[in-house]
Amino acid sequence: MKFFAASDHGGFPLKKRLFKHLQSKGLDCTDLGCDTNESCDYPDFAALLCRQILKNPGSRGLLVCGTGIGMSIAANRFHGIRAALCHNSLEARLTRLHNDANVLVLGGRIIGEELAIDILENFLETPFEGGRHSRRVEKIDPKKIEE
Ligand code: RB5
């Protein structure tokens, strides 16, 4: 599975820590920025990441900003992106099982590193349950609206 990560300055320290974790697992992961603590605009990085996810079917991503809220609003504007803002591991597991979320969103100023790693692990390891959930997920992204 290809994995992409991106953040703004508010999410940069946590993204950096999580990216190291992803690399240590041997995952094929790409950091799309930002690369410093300097102030920048989260919608730019949400757009960069969402375009990569849509270009690489089956890939997944991680977005981090200060609260996670701006990133999730921006990411969910993209048809085909199901971005889930998670504050605990149960949410991460359930959003994979039920929503087939392809982007995990975290608030770098909201949660600690250890919890974030556990949330990320649940997001990576949990498959989509399918069945009745497939019908519901298809209703989120009706075919042929716009690209
Ligand atoms: C940046 O200061 C902050 O607004 C941003 O990281 C994020 O929390 C927006 O939702």
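Note that the coordinates shown come from a computational prediction; the quantities given were computed from them, not determined experimentally. Residue numbers start at 1 and run along the sequence shown.
Not a single donor-acceptor pair under 3.5 Å links the side chain of Asp28 to the backbone N or O of Lys2. Here the side chain of Arg60 pairs a donor or acceptor atom with the backbone of Phe123 at under 3.5 angstrom. At distances below 3.5 Å, at least one donor-acceptor pair connects side-chain atoms of Asn88 with backbone N or O atoms of Leu90.
Scanning all heavy atoms of the two residues, the minimum distance from Cys86 to Leu106 falls at O-CD2, 3.4 Å. Residues Asp8 and Gly66 approach most closely at OD1-N, 3.9 Å, considering heavy atoms. Shortest non-hydrogen contact noted between Asn102 and Ser59 is CB-O, 4.2 Å. In this structure, Met71 and Ala46 approach most closely via the heavy-atom pair SD-CB, 3.8 Å. Of all heavy-atom pairs spanning Ala6 and Phe45, the tightest one is CB-O, 3.9 Å. Of all the heavy atoms in Cys29 and Leu22, the pair that sits closest is SG-CB, 3.8 Å.
Taking 4.5 Å as the limit, every side-chain heavy atom of Asp100 sits out of range of all side-chain heavy atoms of Glu129. In this structure, the side chains of Ser7 and Cys65 stay at 4.5 Å or more apart for every pair of heavy atoms. Contact check for Leu120 versus Leu104: side-chain heavy atoms found under the 4.5 Å cut-off. Residues Phe3 and Leu62 meet the side-chain proximity criterion, which asks for heavy atoms closer than 4.5 Å. Here the side chains of Glu91 and Leu85 are not in contact, with every heavy-atom distance at 4.5 Å or above. Contact annotation: the side chain of Thr67 never approaches that of Arg109 to less than 4.5 Å [non-hydrogen atoms, C-beta and beyond]. For the pair Asn56/Phe4, a side-chain contact is recorded, criterion being any heavy-atom separation below 4.5 Å from C-beta on. In this structure, His9 and Thr36 have side chains that are not in contact, with every pair of non-hydrogen atoms separated by 4.5 Å or more.
Checked by atom type, the side-chain pair Asn99/Thr95 shows a donor-acceptor distance below 3.5 Å.
Around the CD atom of Glu38, the shell of radius 6.0 Å holds no more than 12 heavy atoms that belong to other residues, nucleotides or ligands. Residue Arg136 places its CZ atom among more than 12 non-hydrogen atoms of other residues, nucleotides or ligands, all under 6.0 Å distant.
Using a 30° and 60° split on the angle between ring planes, His98 and His133 fall in the parallel class, below 30°.
Taken together through direct or relayed side-chain contacts under 4.5 Å among Ile, Leu, Val, Met, Phe, Trp and Tyr, Leu124 and Leu97 form parts of separate hydrophobic clusters.
A salt bridge does not link Glu125 with Arg96: none of the charged nitrogens is closer than 4.0 Å to a carboxylate oxygen. Using a cut-off of 4.0 Å between Lys/Arg side-chain N and Asp/Glu carboxylate O, Asp31 and Lys16 are scored as not salt-bridged.
Cluster partners of Phe128, using a side-chain heavy-atom cutoff of under 4.5 Å among ILVMFWY residues and allowing indirect links, are Val137.
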